[in-house]
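Residue numbers count from 1 along this sequence. Quick caveat: nothing in here was measured; it's all calculated off a predicted structure. First listed ligand is number 1; within each ligand, the first listed atom is number 1.
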Amino acid sequence: MSEGAAKKEEKPRKFQAIRGTRDLLPPETALWNRVEQTAHEVFATFGFGEIRLPIFEQTELFARSIGLDTDVVSKEMYSFPDSFDLIDTFGKFRDVTTELGIDLRDRAKFDANAKEITKQVFEESMVTLRPEATASACRAYIEHNMQQLPQPVKLYYMGPMFRRERPQKGRYRQFYQIGAEVLGGSDAPGIDAEVIEMVMAFFDRLELQGVQLDINSIGCRNCRPKYVELLRAAILKVKDKLGPDSQRRIETNPLRVLDSKLESEQPIIATLPRIADHLCEECAAHYAAVKHQLEMRGVIYRENWRLVRGLDYYMRTTFEITAQGLGSQNAVCGGGRYDGLVELLGGPPTKGIGFAIGEDRLILSLQESGKGPAQQGRDVYIAWMGERAQATAIRAAKDLRKAGFSVELPPVEQKFGKALGQADKLGAKYALILGDNEVSEGLWTLKTLADGSQAKFTELDLLDHLRKSKRVSS
Ligand code: HAM
């Protein structure tokens with residue numbers, strides 16, 4: 001290898017964030033903080049308390065709640081064996097193959113059962129980065145005996161979720177959700193309506209633009225299976241006109257055919273039977289009451305019979321909210337009722353309803369409509385020169401920060417011209433000029449950068465002046 005080539009190789013490798021993940025940088029993070037702060041405030045006014053859930057859980061929890069045939073579980077989860085003790089794994093491997101009656105010398109038989117063997121060997125130690133948090137909230141409800149608390153229990157959460165999807169605008173592999181769940185108590189339609197009212201109130205506080213709420217009822221264990229069969233039969237009749245994705249779903253989950261965005265399938269889907277015409281009496285009454293309750297709260301909705309949602313745990317009420325500026329990934333919130341999920345996870349029969357907001361999309365939409373924060377400016381840039389001035393500058397910075405002002409204190413001496421240029425670049429409102437004269441006179445010069453005006457203040461007056469001008473501008 002030539003010397004040049006060796007040098008080239010030595011250059012340290014540059015790292016990049018993994019596809020589908022990204023860094024959130026200032027000043028954008030200020031908007032994230034504002035959104036999250038608003039969620040804390042609004043949700044508290046509805047009596048919700050924050051729950052902080054683990055980022056990873058046993059794979060089985062998600063598989064059982066969300067459903068094996070869903071896209072999330074079948075393709076998108078980040079799962080891995082948590083403990084990998086070679087000897088332990090080897091022992092399990094031996095037990096499983098013996099139990100399945102597989103002779104390891106029989107390669108063909110081993111290959112044919114490889115998936116099942118792997119599943120059984122790793123089943124208990126498999127963990128998954130959470131793709132959503134409803135399952136975790138239900139797990140926590142059971143684990144902490146929350147059914148003994150006054151019902152319903154109202155919880156909310158925020159944080160990262162993980163799904164191995166094809167990244168695009170508004171779709172990431174690590175994304176953030178703000179969600180809420182109401183667990184226990186009754187399934188009174190007033191609860192469904194209040195949960196929806198809360199998320200709409202939150203969007204309203206944030207001045208999110210172009211908000212559109214779609215609602216539907218997808219029935220219950222009694223009426224949905226009959227409708228699904230009816231739908232399957234109807235889709236089979238038009239199978240040849242559908243694309244491969246929809247064709248595949250006829251068997252796995254025909255409801256998902258209704259989700260299709262494929263242009264060519266739209267006229268065909270429009271002719272399919274609608275669930276609203278096949279709800280049982282109880283579900284029909286519940287749906288009618290939810291609509292009435294929404295109207296009582298002044299919540300504007302649109303009925304969308306094709307809104308079925310992609311996770312298996314839903315029943316009855318489902319809803320989705322879209323907002324402007326998001327392109328094809330325009331669902332900013334999805335939710336619905338999931339009575340029975342807690343029971344499915346080994347808990348007592350429990351009603352449940354909730355939603356999750358895609359925070360990344362919410363932020364995108366706010367930015368598109370000009371609600372993003374401006375560059376985070378400083379209140380005061382301290383331009384100092386001389387050793388005595390530095391001591392004063394340090395003290396001034398401390399006092400100003402204590403009073404809540406954002407202060408930039410250069411760590412080394414700068415000529416005043418350069419310092420003022422720097423203050424300008426940082427978008428500072430004021431430059432506090434501290435040189436030998438100022439320090440010995442006890443009169444500090446404050447320059448307003450917008451108009452270049454200057455005034456002298458004593459230390460005490462300065463704080464007063466800044467406080468007053470902050471009050472005027474806010
Ligand atoms: P979901 O519809 O799967 O529902 O997700 C809710 C929201 O999360 C979506 O509307 C979207 O805004 C956002 N989202 C989902 N995947 C991505 C992604 N890859 N990139 C960016 N944003 C994404 C649930 O997760 C349910 N747990 C909601 C729920 C709570 N239902 C009842 N309680």
Review item, side-chain donor-acceptor pairs of residues 321-328, under 3.5 Å, at least two apart:
residue : atom : partner : partner atom : Å
Ser328  : OG   : Gln168  : NE2          : 3.3

**Request:** To the nearest 0.5 Å, tell me how far Ile353 CD1 sits from Tyr314 OH.
**Result:** 9.5 Å
Can you give me every donor-acceptor pair (side chain of residues 46-54, partner residue at least two apart or in another chain, under 3.5 Å) with its distance?
residue : atom : partner : partner atom : Å
Glu50   : OE2  : Arg52   : NE           : 3.3

**Asked** For ligand 1, what are the residues with a heavy-atom contact below 4.0 Å?
**Response** Glu132, Thr134, Tyr157, Arg163, Glu165, Gly170, Arg171, Tyr172, Phe175, Gln177, Glu181, Arg309, Leu311, Tyr313, Tyr314, Ala331, Val332, Cys333, Gly334, Gly335, Gly336, Tyr338, Gly354, Phe355, Ala356, Gly358, Arg361
**Item:** Least distance between heavy atoms, Gly243 atom then Glu265 atom
**Value:** N-OE2, 2.7 Å
**Item:** With Phe62 via ring pair (Phe, Tyr, Trp, His ring centres under 6.0 Å) - residues at least two apart
**Value:** none
**Asked** Is any side-chain heavy atom of Asp277 less than 4.5 Å from a side-chain heavy atom of Trp305?
**Response** no
